[in-house]
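To start, the structure itself, in C-alpha cells.
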Amino acid sequence: MAEVPEKLNKPYDPAATEGRTYQLWEESGFFNPDNLPAQAGLSGRFTEPFTIIMPPPNANGRLHAGHGLTIALEDIMTRYHRMQGKKALWVPGADHAGFETQVVYEKKLEKEGRSRFKMDRKELYDEIMAFTLESKQHMENDVKALGASCDWSREKFTLDPSVVSEVQETFRKLYRDNLVYRGYRTVNWCTKHQTSLSDVETETVEKADKLYYLKYGPFVVATVRPETIFGDVAVAVNPNDARYKEFIGKDIEVQHPEGPLTLKVIADEAVDVEFGTGALKITPAHDHNDFRMSETHQLPRVEVIDQFGKLNDKTGKYAGMKIAEARTKVVEDLQALGLVEKIEDYTHAVPVCYKCNATIEPRVMPQWFVKMAPLAKMAADAVRAEKIKFVPDNFEKVFLYWMDNTIDWNISRQIVWGIQIPALVCLSCNTGVLDNEAIEGSECNCGGTLTRDTDTFDTWFSSGQWPLLALGYPDTKDLAYYPTDVMETGRDLIFKWIPRMVLFGLYLKGEVPFRTVYLHGMVNDKHGKKMSKSKGNVVSPIELTDKYGADALRIALVVGNTPGNDIALAEDKIKGYKHFCNKLWNVSRFVLSNAGDTTLDTPRPTLTPRDEEILAELDKTIESVTAHLENFRFHLAGEELYHYLWSTFADVIIEELKPRLAGEEGESKTSAQWITLQALAATTKMLHPFIPFITEELWSLLPHKDKSLLIIEPWPKPYSA
RNA sequence: GGGCGAUUAGCUCAGUUGGUAGAGCAGCGCUUUUACACAGCGAAGGUCGGGGGUUCGAAUCCCUCAUCGCCCACCA
C-alpha cells in the first residue's frame with residue numbers, strides 16, 4: 001500500500017507553502033504563453049490566445065482590498081483558460097498615476113515641512129521617480145502574494161521610455177488629425193493643487209450657501225457669488241421672457257462698491273425663466289455656463305480671481321482677499337449701498353477636487369483639449385454593433401449615455417509628474433504647435449515666443465491607450481493578442497477609463513481593445529461601508545493573506561459577489577473559506593490514505609450502478625462549473641464547487657464508500673478507490689483557478705506518473721463524454 | 001432634475017433560463033468512532049419590502065407603491 005505523503009499528516013500551512021509554490025510557477029515559465037509546452041496526447045493545445053491586460057495598479061503604495069478582487073477574478077479567468085488549452089496571457093503593469101501620485105508625494109513633502117512649489121522641476125520629478133520605483137516593487141510583491149499568474153517578462157510601466165514616446169506620438173497624430181487643439185476656456189482649477197482637472201476628477205458635494213438677490217440696474221439678479229461682480233460683462237435673460245423683452249440688446253448701468261459698470265443685456269435660451277428672477281449676471285471668466293455664453297455672444301472675459309483663489313487687482317480694495325472673505329465684505333458693502341434686495345438660504349451641488357475637497361474654481365486658461373465627439377461616436381457605434389459585451393449588461397447603457405454626451409477633454413495638467421506634452425506654446429496668443437514642427441525659442445506668428453509646454457498629460461490619456469501600450473504597440477510582436485478578450489476592472493472606472501480605452505483602441509488600431517468588459521463592485525467593510533483611512537476601516541489584502549492564506553482571501557472575495565454589485569468583506573467570511581481549504585486538505589488525506597495501489601493512471605475498473613451515479617453527479621458538476629466560468633458567473637462556479645466538495649463528496653460519497661474502502665481487497669474496493677481519486681482530482685483541478693496554491697500543493701501529492709504542474713493540466717471533461 | 005441598483009435567516013450576502021429557499025458568521029445542541037479541534041456533525045431560524053397581475057406554479061416575469069444606496073447633471 002502506498003504511503004500517505006508525510007506533508008498531509010500536518011495541517012496545510014499557507015505561509016510555508018505559498019511563496020515556494022509561486023516560485024515553482026515562475027521557474028516553470030508557464031506564465032509566459034510562449035513557454036506553454038506541447039503535451040503528449042493533446043494536440044492543438046496552447047495555440048489560440050486568451051488575453052487579459054491587468055489594470056495597472058498605481059505604483060504609489062500597497063494594494064488595497066479592491067485590487068485583491070481584481071487579481072482574484074483575472075487570475076481565475078487566466079488559469080481557467082490556460083487549463084482549457086488557451087495560450088493565456090495576462091500582462092501586468094504599473095501606473096505612474098500622475099496627479100494621484102503627486103498628491104501622495106506632496107503629503108509626504110508636507111510632513112517633512114517642504115513644498116513642491118519651492119522645488120526645481122527636475123529635482124521634484126527625480127524624487128517622485130525614486131519614490132515610485134520603490135513603491136512599485138512593493139506593489140508587485142503584493143500582486144505575487146495573491147498568486148497572480150501574470151507574465152512578468154512582459155510587465156510594462158506607464159513611464160517606460162517606449163510607452164512615453166508612443167503616448168507622445170498619439171498626441172501628435174491627434175494634432176495632425178485635428179482631434180486635439182489648444183483651447184482658451186474655463187477649466188476646473190484646484191486652488192490647492194494648482195492644476196486643472198478633467199470633469200471626472202471632480203466630485204460634487206451638497207453645500208449650504210446663500211442666494212443673494214442683487215439690485216442690478218433695472219434688474220434684480222440672483223447669485224451665490226456676489227464677489228465675482230467685478231468680472232460681470234452682461235445680463236442674460238430668456239428671449240421669451242415678456243418681463244425683460246424691452247431690454248434685450250440695450251446697455252444698462254449697474255452699481256457696485258467699486259463704481260458703475262456698463263453691461264449689455266443679452267438673450268439666451270439657457271436662462272431658466274423660473275429660477276431666481278429670470279435675469280442672470282454673466283461672469284465668463286469664472287463660470288462654465290457664462291463662458292459658453294461669452295462665446296455665443298462675443299463677450300469679453302474679465303478675470304477677477306487669481307490662481308490661488310484670491311481676488312486680483314481688478315477688484316480695487318478687495319484685491320488679495322480670499323473668496324470667502326471677499327464675499328462677506330462685498331455683501332456688506334452692497335447692503336450699505338442698498339443694493340441687496342434679499343438673501344435666501346440655498347443648498348446646491350458644488351464641484352470639489354476629488355483628492356482634497358477644495359472647491360473647484362472655473363478659470364480661463366490655455367490648455368490642450370481632445371475633440372471628443374468624433375472619437376466618442378466611434379466608440380458608441382462599436383458598442384451598438386455589439387463589438388463589446390458588458391458584464392453586467394446594464395453598464396452598456398451607462399457607457400452609451402456617457403459617449404453620447406461628451407464634452408471636450410482637457411488633457412493638460414500643471415504638474416511635473418507625468419508624461420510631458422510634446423508641444424511648444426506661445427504665451428502671447430495662446431496657440432500651440434507640435435514640438436517637432438517648430439523650434440523652441442523661435443518667433444510665433446503673433447510676434448511672441450514659442451516656449452516648451454511644461455504641462456503633462458492627464459494620466460488617463462496614457463492609461464486610455466493601455467491595452468495597446470501594454471502589448472508593446474507599435475511593436476507588432478504581440479499584436480496577435482489584440483483585441484484582448486476581457487477587461488476586468490472596478491465599476492467606478494466605467495467613466496474614467498473604459499471609454500477612453502475603447503476610443504483610443506479604435507482610433508489607433510481600428511479595432512476595439514477588448515471583447516468583454518467585466519465590472520466588479522466596490523469592496524467595502526463588513527457593514528457595507530466604504531473603506532477609508534479617515535474611518536479607520538481599511539483592510540489590507542496582504543494582512544489577510546498572511547493570516548488566512550491567499551487562497552481563502554481569493555475565494556472569499558469571489559463567492560457571493562455578483563458582477564457590478566458591491567461586496568461587504570468580513571474577516572469571518574475569509575475564515576470560513578480557510579475552513580473550506582482545510583476541508584479539501586483533509587478530504588485529500590483521507591482519499592490518499594485509502595487509495596492503496598490505485599493511481600490516477602489506473603484504468604477505469606468495472607463500476608457498480610451506484611458508482612455510475614456518483615460519476616454522473618460529478619459530470620453534472622463539471623458541466624455546470626464550466627458553463628458558469630464561460631459565462632462570467634464566477635460566484636456561482638465557486639459556490640457550486642464548495643457545495644460539491646463539502647456536501648456531496650465529503651458528506652455523502654466518502655461516508656458511503658468508507659466501508660468499501662476499509663473492506664476486503666477486490667473489485668468493490670478498487671472501484672471505490674478509483675472513483676474517490678478521480679473525483680478528488682477533478683475537483684482539485686476545478687478549484688485551482690480559485691484557490692491555486694493549495695490545489696497545486698495537493699496535485700503534487702496525488703499519485704500520477706508523468707505529472708506536470710497543475711497550472712497546465714487539462715480542464716476536466718465529463719466522464720460520459 | 002435624470003439614470004441605475006438594492007430590499008431574502010439576528011448580521012453580510014447568494015439564488016444562471018419561473019418548478020416546494022441557500023452560504024459565511026453569530027446563537028443552540030451533540031461529537032474526539034477510517035480524513036478534518038487551525039474542527040466536524042445536527043437541529044432551529046425566512047408569509048423572499050407592501051399591494052396587484054400573468055401562470056398549473058413567482059424570490060425569479062409585468063404593473064404599482066414605499067424605503068435605502070450609488071452615479072450623472074451648465075437652476076445662476
Side-chain angles (χ1 to χ4, degrees), chain A residues 4 8-14 186 199-200 203-204 209 211-213 221-225 228 236 270-283 287-293 346 348-349 351 362 392 394-395 397-398 401-402 405 407 491-492 494-495 521-522 524-530 547-549 555-556 559-562 564-594 624 627-628 630-633 635-640 642-643 646-647 650-651 654-655 657-659 661-663 676:
Chain A
V4 181
L8 274 177
N9 289 325
K10 289 179 289 191
Y12 174 67
D13 180 6
T186 46
D199 293 85
V200 292
E203 281 174 4
T204 46
D209 255 319
L211 188 60
Y212 303 91
Y213 286 76
V221 294
T223 180
V224 288
R225 304 202 62 183
T228 62
V271 179
D272 184 349
V273 178
E274 307 286 319
F275 190 85
T277 61
L280 176 60
K281 76 184 199 67
I282 301 299
T283 323
D287 185 281
H288 295 304
N289 289 326
D290 294 4
F291 184 86
R292 257 163 246 151
M293 285 195 209
Y346 183 57
H348 62 151
N394 59 296
F395 278 99
K397 266 194 282 184
V398 184
Y401 177 81
W402 191 257
N405 295 280
I407 61 168
R491 61 135 222 265
D492 53 328
I494 182 70
F495 302 126
M522 304 294 100
N524 294 325
D525 77 2
K526 64 177 169 181
H527 301 295
K529 300 285 178 220
K530 191 175 174 177
K547 205 162 163 187
Y548 302 102
I555 194 168
V559 174
N561 179 12
T562 43
N565 283 329
D566 294 354
I567 178 180
L569 179 62
E571 205 169 317
D572 285 338
K573 185 176 177 188
I574 304 167
K575 199 172 145 194
Y577 283 97
K578 183 174 195 275
H579 291 161
F580 173 69
C581 293
N582 184 49
K583 191 77 181 177
L584 175 64
W585 187 257
N586 286 302
V587 164
S588 304
R589 180 193 300 178
F590 178 81
V591 169
L592 290 183
S593 64
N594 285 281
S624 171
H628 286 321
E630 289 291 338
N631 291 291
F632 303 96
R633 297 188 295 253
H635 60 299
L636 294 182
E639 194 179 354
E640 185 149 350
Y642 180 95
H643 283 125
W646 206 311
S647 314
D651 290 355
I654 286 185
E655 291 307 321
L657 295 182
K658 271 179 182 174
L661 291 167
T676 48

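Order of the sequence lines fixes the chain letters, A, B, ..., with proteins taken first and strands second; residue numbering starts at 1 for each chain.
The side-chain heavy atoms of A:Asp566 and A:Arg491, taken from C-beta on, include a pair separated by under 4.5 Å. In this structure, A:Asn594 and A:Thr676 have side chains that are not in contact, with every pair of non-hydrogen atoms separated by 4.5 Å or more. Contact check for A:Thr283 versus A:Arg225: no side-chain heavy atoms found under the 4.5 Å cut-off.
Each of A:Lys530 and A:Ala270 was matched to the nucleotide of RNA chain B holding its nearest heavy atom; the match closer to the 5' end belongs to A:Lys530. Of the residues near RNA chain B, A:Val271 and A:Gly560, the one whose nearest nucleotide (by heavy atom distance) lies more toward the 5' end is A:Gly560.
In a base pair of the Watson-Crick type (N1 to N3 plus N6-O4 or O6-N4) or a G-U wobble (N1-O2 and O6-N3), with each distance short of 3.5 Å, B:rG5 is matched with B:rC68. B:rU17 is unpaired under the Watson-Crick or G-U wobble criterion, no partner having all donor-acceptor distances under 3.5 Å. The nucleotide B:rG10 finds its pairing partner in B:rC25, both defining distances of the Watson-Crick or G-U wobble pair being shorter than 3.5 Å. As the counterpart of B:rC30, B:rG40 is assigned, both hydrogen-bonding distances of the Watson-Crick or G-U wobble pattern falling under 3.5 Å. Under the Watson-Crick and G-U wobble criteria, each requiring two contacts below 3.5 Å, nucleotide B:rA59 is left unpaired.
Taking both residues in full, the closest heavy atoms of A:Glu571 and A:Lys547 are given as OE2-NZ, 2.6 Å, listed atom of the first, atom of the second, then distance. When every heavy atom of A:His635 is checked against every heavy atom of A:Asn561, the shortest pair comes out as CB-O, 3.5 Å.
The distance between atom NZ of A:Lys529 and atom P of B:rC70, rounded to the nearest whole Å, is 8 Å. As a whole-Å value, the separation of A:Asn524 CG from B:rC70 C1' is 11 Å. Atom CD of A:Glu274 is separated from atom P of B:rA76 by 15 Å (rounded to the nearest Å). Look at CZ on A:Arg225: it is 11 Å from C1' on B:rA76, rounded to the nearest Å.
Separating the C1' atom of B:rA37 from that of B:rA14 is a span of 29 Å, rounded to the nearest Å. The gap from the C1' atom of B:rA58 to that of B:rG15 amounts to 14 Å, rounded to the nearest Å. Taking atom P on both B:rC65 and B:rU12, the two are 27 Å apart, rounded to the nearest angstrom. Here the separation of B:rC48 from B:rG19, taken at their P atoms, is 16 Å to the nearest Å. Straight-line distance between the C1' atoms of B:rU60 and B:rG49: roughly 16 Å, to the nearest whole Å. The same atom, C1', is picked in B:rC13 and in B:rG1; the two are 33 Å apart, to the nearest Å. Rounded to the nearest Å, the gap between the P atom of B:rG69 and that of B:rU16 is 27 Å.
No cation-pi contact links A:Lys583 to A:Tyr642, judged by a cut-off of 6.0 Å to the six-membered ring centre and 45° from its axis.
Side-chain contact of A:His288 with A:Thr186: a donor-acceptor pair under 3.5 Å is present, judged by distance alone. Side-chain contact of A:Asn586 with A:Asn582: a donor-acceptor pair under 3.5 Å is present, judged by distance alone.
Contact annotation: A:Tyr401 side-chain N/O to B:rC71 OP1/OP2 distance is not under 4.0 Å. In this structure, A:Tyr212 does not reach the B:rA76 phosphate: none of its side-chain N or O atoms is under 4.0 Å from OP1 or OP2. Distances shown here put a side-chain N or O of A:His635 below 4.0 Å from the OP1 or OP2 atom of B:rG15.
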Polar atom pairs between nucleotides 25-33 of chain B and protein, under 3.5 Å, N or O only, would you list them?
from: B:rC25; atom 1: O2'; to: A:Asp572; atom 2: OD2; distance (Å): 2.8

Please write out the pairs of protein N or O atoms and N or O atoms of nucleotides 35-37 of chain B separated by less than 3.5 Å, giving the distance to one decimal.
from: B:rA35; atom 1: O2'; to: A:Asn586; atom 2: OD1; distance (Å): 3.3
from: B:rA35; atom 1: N7; to: A:Lys658; atom 2: NZ; distance (Å): 3.2
from: B:rA35; atom 1: N6; to: A:Glu655; atom 2: OE2; distance (Å): 2.9
from: B:rA35; atom 1: N3; to: A:Asn586; atom 2: O; distance (Å): 3.3
from: B:rC36; atom 1: O4'; to: A:Asn586; atom 2: OD1; distance (Å): 3.0
from: B:rC36; atom 1: O4'; to: A:Asn586; atom 2: ND2; distance (Å): 3.1
from: B:rC36; atom 1: O2'; to: A:Asn582; atom 2: ND2; distance (Å): 3.1
from: B:rC36; atom 1: O2'; to: A:Asn586; atom 2: ND2; distance (Å): 3.3
from: B:rC36; atom 1: O2; to: A:Lys583; atom 2: NZ; distance (Å): 3.0
from: B:rC36; atom 1: N3; to: A:Lys583; atom 2: NZ; distance (Å): 3.2

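Using cut-offs of 30° and 60° for the angle between ring planes, the A:Trp646 and A:Phe580 rings count as parallel.
Note on A:Tyr346: only backbone sugar-phosphate atoms sit closer than 4.0 angstrom, heavy atoms only; bases stay farther off. Nucleic acid contact for A:Ala662: base, since at least one base atom lies under 4.0 Å from a heavy atom of the residue.
Candidate nucleotides B:rU34, B:rA14, B:rU16 were compared by shortest atom distance to the side chain of A:Asn594, and B:rU34 ranks first.
The side-chain contact (heavy atoms from CB on, under 4.5 Å) test with A:Leu569 is passed by exactly one of A:Asp525, A:Asn524, A:Ile574: A:Ile574.
Applying the side-chain contact (heavy atoms from CB on, under 4.5 Å) criterion to A:Asp272, with sequence neighbours excluded, gives A:Glu274, A:Phe275.
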